[in-house]
Protein chains: 2
Amino acid sequence: MTDKKLHIINNALELFAEKGFEGTSIRDLAAKAGVNVAMVNYYFGSKEKLFESLVEERATYTRGVLDEIVNNNSYNDIEKIDRIIDSYINKWFTNRKFHRVLHREIMLNQRETLQQAIVDILYPNSLIIKGVIEAGMRKGVFRKVDAPLVIATLVGSINQILLSKRMCNKLLGKDQDYVPYEDAAFAKRLSEHLKQLMHAHLLTKS
Amino acid sequence: MTDKKLHIINNALELFAEKGFEGTSIRDLAAKAGVNVAMVNYYFGSKEKLFESLVEERATYTRGVLDEIVNNNSYNDIEKIDRIIDSYINKWFTNRKFHRVLHREIMLNQRETLQQAIVDILYPNSLIIKGVIEAGMRKGVFRKVDAPLVIATLVGSINQILLSKRMCNKLLGKDQDYVPYEDAAFAKRLSEHLKQLMHAHLLTKS
DNA sequence: GATAATTAATTAAACGTTTGTTTAATATTA
DNA sequence: TAATATTAAACAAACGTTTAATTAATTATC
């Protein structure tokens, strides 16, 4: 990927995250990236292919991290859950614009191939977490829980915070200038909430 | 509100939920409702005002229900949480298209006034739940928890299930024909997961 | 209660923009 | 010299919206 293509993609990410795919015009994109409107089609072929390139380019951003945690034998099962929580919060907070683009898109019933691509990005992570939960249950360290729904809770909690700054700040009683995703103290607060929640829910004895 | 306006709104809801605001054209809307394209502007003034009318028309769909639960003295604190969970699942599953429209819109940084309207719809419900949690904590029935984040978990868990059928089914290991939101057994399953989760997290003694 | 006057509802067509995309000419680099 | 990059301009199609004419419904008058 050339610098120019990356430059366009990175600028496109901001606009797509802010205004959605249909809400963003190629002229918007070109203006923001400081290039001629024809360059988008010259480099990517179409607006939709630019979007796909964006997803593909950023798709690798999680791969491997969860595997490392899961295969690290110095962690017991609940510690793995803890590390996964921190990993998710850290990664999604820093890559929140891309994450927002993914979730906006997967809510729609359009652009079938792109939806599949997004599932391919997100689902493997879920599988890894599921493995940890089931291992814990087999050993009797974890209570008998509904693993897929535990994942939905974990992911959904972070998403709820991440996807609407306005709603999040309202919930927290903060004013609208506050950016929770850039506040390390808030990341910690969320992390501790989720850990406390998962400990109480999963562990057979506290 | 006349029948004709309601008819247009109800058809618009489906399209907006499926394709988003920008992704839906007035010609789409008119075709789906079986009326002339000019009727939308005749009745509502503009596409944006139609959207606002839609939100306004459906906005009252939760009001009062949570209040009833909270003010019912025959429930103790954790039972109120249980009833709130069931109420949320039931209401959001049946009104899931409207709910999807709300959440698609609040993720964007466009249409400022509409965002405020959506916050005005959703936030009062959060306040009521917050009240229940804090009352439980004061009495020592509930553990010391992060009330706003508990709400985020509760709402976020249901949203995670609700906003993408594709991702939901992948998580549950179901095929894509399955519609979890129309399956009473699944509603029960989700309800029990959330109750178990909240009991473990909130109650000082199990 | 029939007829005329008035208002409301509905239509097809056109409006001016904006959209994504392409072209054909020019500039840059290899 | 040949390939690549960049540009301004043009393209057709789709967009939200308006118009002007017509039909339907309502109200007023006798």
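Small disclaimer: the values here were computed from a predicted structure and weren't measured. Below, read A as the first sequence line, B as the second, and so on, with proteins coming before strands; counting in each chain starts at 1.
- Summarising the geometry, the separation between OH on B/Tyr43 and P on D/dT18 is reported as 17 Å, rounded to the nearest angstrom.
- The A/Tyr42 side chain lies nearest to D/dT6 when the options are D/dT6, C/dT10, C/dT21.
- The CZ atom of A/Phe44 sits 18 Å away from the C1' atom of C/dT22 (whole-angstrom rounding).
- For the pair A/Arg27 CZ and D/dA9 P, the computed distance is 13 Å after rounding to whole Å.
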Steps toward ring pair (Phe, Tyr, Trp, His ring centres under 6.0 Å) verdict (B/His193, A/His201)
CA-CA 10 Å; B/His193 161 70; A/His201 185 56; 5.6 Å; yes
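- No side-chain heavy atom of A/Asp146 sits under 4.5 Å from any side-chain heavy atom of B/Gln196.
- Nearest nucleotide to the side chain of B/Asn36, out of D/dT17, C/dT21, C/dA12: C/dA12.
- Considering only side-chain N and O atoms, A/Ser46 lies nowhere under 4.0 angstrom from the phosphate OP1 or OP2 of C/dG20.
- Closest to the A/Ile26 side chain, of the nucleotides C/dT21, D/dC15, C/dA9, is C/dT21.
- In this entry the distance linking CG of B/Asp3 with P of C/dT10 reads 12 Å, nearest Å.
- A straight line from NZ of A/Lys4 to C1' of D/dT4 spans 12 Å, rounded to a whole angstrom.
- Residues B/Leu190 and B/Ile85 form no side-chain contact, since every pair of their non-hydrogen atoms from C-beta on lies 4.5 Å or further apart.
- To the nearest angstrom, P of D/dT17 lies 8 Å from NZ of B/Lys47.
- Across C/dA12, C/dT21, C/dA9, the shortest atom-to-atom separation from the side chain of B/Ala38 is found for C/dA12.
- Residue order along DNA chain D, read from the 5' end via each residue's closest nucleotide, puts A/Met39 first among B/Asp28 and A/Met39.
- A/Lys5 has its NZ atom 10 Å from the P atom of D/dA5, to the nearest Å.
- Between B/Glu48 atom CD and D/dT17 atom P the separation is 8 Å, expressed in whole Å.
- For the pair B/Val37 and A/Glu22, both in contact range of DNA chain C, the more 5′-proximal nearest nucleotide belongs to B/Val37.
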Chi angles and distances behind the side chain to side chain donor-acceptor pair (under 3.5 Å) call for A/Lys49, A/Ser53:
CA-CA 6 Å; A/Lys49 280 187 193 150; A/Ser53 297; over 6 Å; no
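- To the nearest 0.5 Å, the span separating NZ on A/Lys165 from CZ on A/Arg96 amounts to 9.0 Å.
- Among the protein residues, A/Thr24 comes within range of the sugar-phosphate backbone only, with heavy atoms under 4.0 Å from sugar or phosphate atoms but none that close to a base.
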